[in-house]
Number of protein chains: 4
Amino acid sequence: MSEPEIHPHDPRWRRLPEERPRQILLAAIEVFGEYGIAGAKLEEIATHAGVSKGTIYLYFQSKEELFREVVRQLLVPAIAELEREVTGGNAADQIERYLRVHWARFERPGTAGWVRLVLTELPKYPDLAAFYFDEAIAKSNHVLGDILRRGVASGEFRTIEPVVAISMIKAILLTHVLWSEAPMPETLSAVRPRADRIDDIVDFVLHALRPCAPSHAAL
Amino acid sequence: MSEPEIHPHDPRWRRLPEERPRQILLAAIEVFGEYGIAGAKLEEIATHAGVSKGTIYLYFQSKEELFREVVRQLLVPAIAELEREVTGGNAADQIERYLRVHWARFERPGTAGWVRLVLTELPKYPDLAAFYFDEAIAKSNHVLGDILRRGVASGEFRTIEPVVAISMIKAILLTHVLWSEAPMPETLSAVRPRADRIDDIVDFVLHALRPCAPSHAAL
Amino acid sequence: MSEPEIHPHDPRWRRLPEERPRQILLAAIEVFGEYGIAGAKLEEIATHAGVSKGTIYLYFQSKEELFREVVRQLLVPAIAELEREVTGGNAADQIERYLRVHWARFERPGTAGWVRLVLTELPKYPDLAAFYFDEAIAKSNHVLGDILRRGVASGEFRTIEPVVAISMIKAILLTHVLWSEAPMPETLSAVRPRADRIDDIVDFVLHALRPCAPSHAAL
Amino acid sequence: MSEPEIHPHDPRWRRLPEERPRQILLAAIEVFGEYGIAGAKLEEIATHAGVSKGTIYLYFQSKEELFREVVRQLLVPAIAELEREVTGGNAADQIERYLRVHWARFERPGTAGWVRLVLTELPKYPDLAAFYFDEAIAKSNHVLGDILRRGVASGEFRTIEPVVAISMIKAILLTHVLWSEAPMPETLSAVRPRADRIDDIVDFVLHALRPCAPSHAAL
DNA sequence: CATGAATGAGGCTTCATTCAT
DNA sequence: CATGAATGAAGCCTCATTCAT
């Protein structure tokens with residue numbers, strides 16, 4: 001209909017073989033996060049990546065394999081990387097730092113989709129889930145477990161099974177990430193929209209861990 | 001054609017027509033919970049309900065409308081019903097009771113699907129989410145908020161914004177329900193499989209709420 | 001563009017579950033025969049059968065499975081059926097009858113495609129080929145072998161390995177069927193278009209089998 | 001950039017550019033022969049030829065044009081060349097020589113693909129078929145026709161229309177070449193695998209041609 | 001010249017929805 | 001009412017063809 005102005009340097013596409021896979025993966029994690037595996041359309045991933053449908057197949061064998069690579073190349077490294085950032089200070093400081101580092105990480109737009117991805121899609125792929133657990137979860141569990149054990153030993157924390165505390169901490173963190181994005185977070189949770197929700201989380205977790213006098217909660 | 005009560009060649013038995021919609025809704029919540037909205041197939045819902053695909057359309061206009069009715073007729077009432085069961089005792093007892101009642105409720109097979117539905121599918125339908133919030137969440141928030149306010153007032157709990165405590169409690173509860181289900185709970189969380197996980201939850205929550213100073217034990 | 005006259009009894013389709021599979025198979029054998037498995041389009045098979053694309057999948061799991069059923073339900077029975085028609089007379093008469101019966105069979109329009117199907121597609125499916133061999137080829141070999149052995153024993157035919165004569169007879173028959181249809185038969189063979197090509201075939205085969213005086217061909 | 005003869009780091013060796021089209025044609029006839037026109041992938045032809053996909057388009061306008069050139073530049077000359085080799089001896093000797101020369105020719109690996117190409121793909125391209133007929137078939141028909149006419153005239157052969165004998169001879173020859181190849185020859189034909197199948201063919205053809213009456217041996 | 005990255009039309013397949021029975 | 005056969009839009013994937021490098 002409209003004559004696009006044709007310049008001699010108006011190529012329809014460019015050769016970017018080095019960047020393509022990453023472009024596609026980044027587009028994929030976004031779209032998968034929003035719609036899930038079944039609901040994500042390759043067409044949309046391609047558009048987001050600025051390529052055509054067929055191009056995806058130059059780098060990934062299938063939609064499922066693309067999802068697998070998203071987990072392998074983006075999810076797992078991103079999670080694994082977080083663990084390195086938690087250092088220094090006493091146990092409570094480290095817990096706080098752990099929470100804030102993760103929160104900051106997940107505040108980046110589009111990352112809440114990751115949580116949904118992990119919660120709802122990963123269980124369908126046992127091998128992926130196992131890989132994810134080994135490479136990402138186990139490490140963070142180790143980091144958190146160390147902090148908790150140290151805190152308990154030093155009396156900074158009350159006596160608590162590290163594995164239990166870990167699951168509570170992660171439950172709180174992940175769910176609030178999920179609630180923090182998307183349409184109407186406050187609708188599904190009870191949370192009033194607050195930018196500093198992470199303060200509440202830190203506060204709640206540290207209170208739950210602090211040592212106690214004659215506890216009535218031991219019942 | 002139909003002389004249902006007497007004829008010896010009568011096929012097994014037949015449900016009253018009025019029950020059809022409910023059969024379908026029950027099948028739908030199960031299948032939606034397992035596969036999500038996009039992944040659920042009407043064929044499978046029909047099979048679960050013991051009817052044919054076409055029959056669904058006699059009672060529901062479309063797949064989406066069916067999902068809406070699932071939320072309206074099953075999810076909301078089921079959640080709303082729970083709130084009535086929490087009564088009596090001091091604030092800590094009531095919190096514990098709240099947690100245990102909900103946990104027991106969600107331990108029924110198939111109910112973890114509800115949680116996934118609410119956490120991951122509902123946000124896509126703002127109007128449904130609002131309805132769900134008004135009819136189900138708001139009530140439970142009210143119940144919990146009352147308990148918390150009373151506990152804080154009586155000194156049983158530390159000073160904490162009820163709305164914050166509510167979101168923490170629900171985050172922990174819902175996530176553990178999700179993890180307690182079928183495919184590899186312990187793989188994606190850090191949780192060792194334990195039947196008494198609810199004890200850990202109660203313990204953690206009450207510790208988080210108890211007063212700060214060397215407790216001069218309320219009550 | 002054109003308003004089709006809508007009568008109250010102008011249904012867009014009719015329920016014909018009994019006939020559908022056969023309609024589709026008949027359309028499929030035609031289209032497969034013309035284009036091969038890869039070249040055949042389900043769209044065209046559907047059109048030939050007077051149904052929509054989706055309908056094919058109500059009765060056949062996939063394009064390949066459709067092809068398999070064509071072989072199983074149409075090709076093999078059609079070939080097998082032929083063998084029953086060869087009876088009576090001396091050996092030469094029976095050979096002639098065998099040739100003419102098969103020729104008549106393959107003269108039906110569309111059947112030359114069968115030959116191409118068997119020659120070019122069947123080898124790709126070893127299990128199908130084995131089935132076809134057992135159910136169709138082996139029987140016809142048996143029939144032909146019997147005739148030949150009897151002819152040799154009675155002195156009606158010269159001494160010849162039945163298995164050799166069989167392959168010669170089939171080679172001649174199949175190739176001429178292939179040449180007998182399609183665009184320009186006489187172009188690829190040397191054959192002038194003649195309705196009574198089968199007479200030439202009968203003549204040639206019987207001459208090749210007839211007993212001989214001091215043979216110079218025995219070298 | 002290119003100093004091909006001297007440099008020690010010169011990659012292996014390189015074909016002269018003039019050979020490229022031939023490389024591609026040779027690869028193409030192989031792949032076309034195995035998979036047919038529709039089933040053949042340019043990617044595979046390129047790989048076989050040791051070039052890239054794009055290179056094919058430097059020499060051939062399209063896949064179909066490539067097939068046309070295969071017929072024009074390889075099939076036709078190869079067939080035409082065969083005719084020159086049949087000389088000397090009496091008619092029967094020449095027929096035998098014709099059969100053995102062709103058989104030897106087609107025994108070269110990959111050449112059975114030619115037969116399939118001619119029998120099953122060529123008919124789809126009437127102009128190609130006509131060209132093939134004029135350039136290859138007509139010549140061989142002429143050669144064979146001459147032999148046959150001479151044989152009939154000398155009494156060495158029985159009275160038979162040359163054109164008929166030609167089609168029988170070619171039918172037998174081509175089909176057995178097809179069956180002699182790779183996937184389950186003995187399954188689709190009745191032929192036991194035998195290295196000396198050509199002896200059977202020669203024997204059968206000569207018997208079919210020999211004079212009828214108690215032979216007073218010509219020559 | 002040669003490459004191979006990129007494209008996009010076209011085919012197979014699924015499944016929500018419709019409708020004759 | 002209920003059925004399930006039939007439809008067809010839409011999505012995944014392939015591969016002949018184009019074109020920047």
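Below, read A as the first sequence line, B as the second, and so on, with proteins coming before strands; counting in each chain starts at 1.
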Legend entry - Contact nearer the 5' end of DNA chain F, comparing Ala38(A) with Ser52(B):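 Result of the comparison: Ser52(B).
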Inset, instruction - Report the residue (Lys53(B) or Tyr57(D)) whose heavy-atom-nearest nucleotide on DNA chain F is the more 5′ of the two. - result: Lys53(B)
Legend entry - Backbone N/O of Glu43(C) and side chain of Thr47(C): donor-acceptor pair under 3.5 Å: yes
Return the value, rounded to whole Å, for the distance between atom [atom1] of [X] and atom [atom2] of [N].
| X | N | atom1 | atom2 | value |
| --- | --- | --- | --- | --- |
| Phe60(A) | dT14(F) | CZ | P | 15 Å |
| Glu44(B) | dA16(E) | CD | C1' | 15 Å |
| Arg22(A) | dA5(E) | CZ | P | 20 Å |
| Leu58(C) | dA16(E) | CG | P | 14 Å |
| Tyr35(B) | dT14(E) | OH | C1' | 15 Å |
| Ile24(A) | dC12(F) | CD1 | P | 14 Å |
| Glu43(C) | dC12(E) | CD | C1' | 11 Å |
| Glu65(A) | dC13(F) | CD | P | 11 Å |

Tell which nucleotide pairs with [N], taking only Watson-Crick or G-U wobble pairs whose two distances are both under 3.5 angstrom.
| N | answer |
| --- | --- |
| dC15(F) | dG8(E) |
| dA10(F) | dT13(E) |
| dA20(F) | dT3(E) |

Scan [X] against the nucleic acid and name what it touches under 4.0 Å (heavy atoms): base, sugar-phosphate only, or nothing.
| X | answer |
| --- | --- |
| Ala46(C) | nothing |
| Lys63(B) | sugar-phosphate |
| Tyr59(A) | sugar-phosphate |
| Leu42(A) | sugar-phosphate |
| Ala40(A) | sugar-phosphate |

Legend entry - Over all atoms of both residues, closest heavy-atom pair of Pro77(C) and Arg72(C):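 The answer is CD-O, 3.1 Å.
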Inset, instruction - On the 0 to 90° scale, with breaks at 30° and 60°, tag the Phe32(B)-Phe67(B) ring pair as parallel, tilted or perpendicular. - result: perpendicular
Inset, instruction - Establish, with yes or no, whether the OP1 or OP2 oxygen of dA2(F) is under 4.0 angstrom from a side-chain nitrogen or oxygen of Arg20(B). - result: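 Yes.
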Legend entry - Check: dT14(E) base within 3.5 Å donor-acceptor of Lys41(B) side chain: no
Inset, instruction - Please assess Ile29(C) against Val71(C) for the test side chain to side chain contact (heavy atoms under 4.5 Å, CB included), listing each intermediate value before the final yes or no. - result: CA-CA 8 Å; Ile29(C) 198 173; Val71(C) 173; over 6 Å; no
Inset, instruction - Report the residue (Gln61(C) or Ile56(A)) whose heavy-atom-nearest nucleotide on DNA chain E is the more 5′ of the two. - result: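 The 5'-side residue here is Ile56(A).
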Legend entry - Test: Arg22(D) and Glu19(D) ion pair at under 4.0 Å: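 The answer is no: the pair does not qualify as a salt bridge.
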Inset, instruction - Apply the test side chain to side chain contact (heavy atoms under 4.5 Å, CB included) to residues Ile56(A) and Ile45(A): give CA-CA distance (whole Å), side-chain angles for both, the deciding distance (0.1 Å), then the verdict. - result: CA-CA 9 Å; Ile56(A) 295 175; Ile45(A) 294 175; 4.1 Å; yes
